[in-house]
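Only one structure is covered here, and it is reproduced in the block below.
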Amino acid sequence: GGATGADVTRAQAQVAQVQAGLDELRNGIRLQVTQAFLNVSSAKERVKTTEQAVATAEEGVRLVRVGYENGVTTITDFLAAQAELTKARTDYVTALFDVQIAQSELRFALGRQPGQG
């Protein structure tokens, strides 16, 4: 009689251990999905910010070009404005790339295959 009771106790302990592992796994997945979702949101915000930076830099180049054509600004000012525009455009492309990566990580966290949306 004692062996059966010990077997039951041992089995219950194993079930509890498996359940704890399953709970830990679920919590880890929730954390991964939440973090991936936040990363997508953050990356999309960076796209908006860098779009605005590109627009600002384009306007800056336009103004400096007009100033240069009228002899008010130097070629150095014009080249600096062009460099700022190039940096803003590079940051924008990087932000777009970051969105794609974050979305892929979110799909992975959700257990979706590529192309499943």
Atom pair CZ (R62) and CG (L85), whose distance is rounded to the nearest 0.5 Å = 13.5 Å

One should read off an interatomic distance between Q82 CD and D77 CG, to the nearest 0.5 angstrom, of 12.5 Å

Could you go step by step and tell me if Y92 and V47 meet the side chain to side chain contact (heavy atoms under 4.5 Å, CB included) rule?
-> CA-CA 6 Å; Y92 174 71; V47 168; 3.9 Å; yes

Please test E24 against Q19 for side chain to side chain contact (heavy atoms under 4.5 Å, CB included), starting from the C-alpha separation and ending with a verdict.
-> CA-CA 9 Å; E24 185 177 335; Q19 186 63 46; over 6 Å; no

Is there side-chain contact between L110 and V33, with at least one heavy-atom pair below 4.5 Å?
-> yes

What distance do Q17 atom CD and Q12 atom CD have between them, rounded to the nearest 0.5 Å?
-> 14.0 Å

Is any NZ, NE, NH1 or NH2 atom of the basic residue among K48 and E51 found under 4.0 Å from an Asp or Glu carboxylate oxygen of the other?
-> no

With hydrophobic residues grouped by side-chain heavy-atom distances under 4.5 Å, do F108 and F97 end up in a single group?
-> no

N-O pairing of E84 and K87 below 4.0 Å | no

Y68 versus T74, closest heavy-atom pair with distance = CD1-C, 3.7 Å

Using a 4.5 Å cut-off on heavy atoms from C-beta on, say whether the side chain of L31 contacts that of N27.
-> no

Rounded to the nearest 0.5 Å, what's the gap from CG on D7 to CZ on R10? Could you check?
-> 5.0 Å

Atom pair CD1/CG of I101 and L96 - distance to nearest 0.5 Å = 11.5 Å

Over all atoms of both residues, closest heavy-atom pair of A43 and A102 | CB-CB, 4.5 Å

Do you see a donor-acceptor pair shorter than 3.5 Å between the side chains of R107 and S104?
-> yes

Establish whether I75 and V72 are linked, either directly or via other cluster members, by ILVMFWY side-chain heavy-atom contacts under 4.5 Å.
-> no

Going from OG1 on T49 to CD on E45, what distance comes out if it is rounded to the nearest 0.5 angstrom?
-> 6.0 Å

Modelled atom types, side-chain donor and acceptor of R46 and T50, under 3.5 Å = no

Short question: side chain of T94, backbone of T90 - any donor-acceptor pair under 3.5 Å?
-> yes

Counting heavy atoms not belonging to F37, are there more than 12 under 6.0 Å from its CZ?
-> no

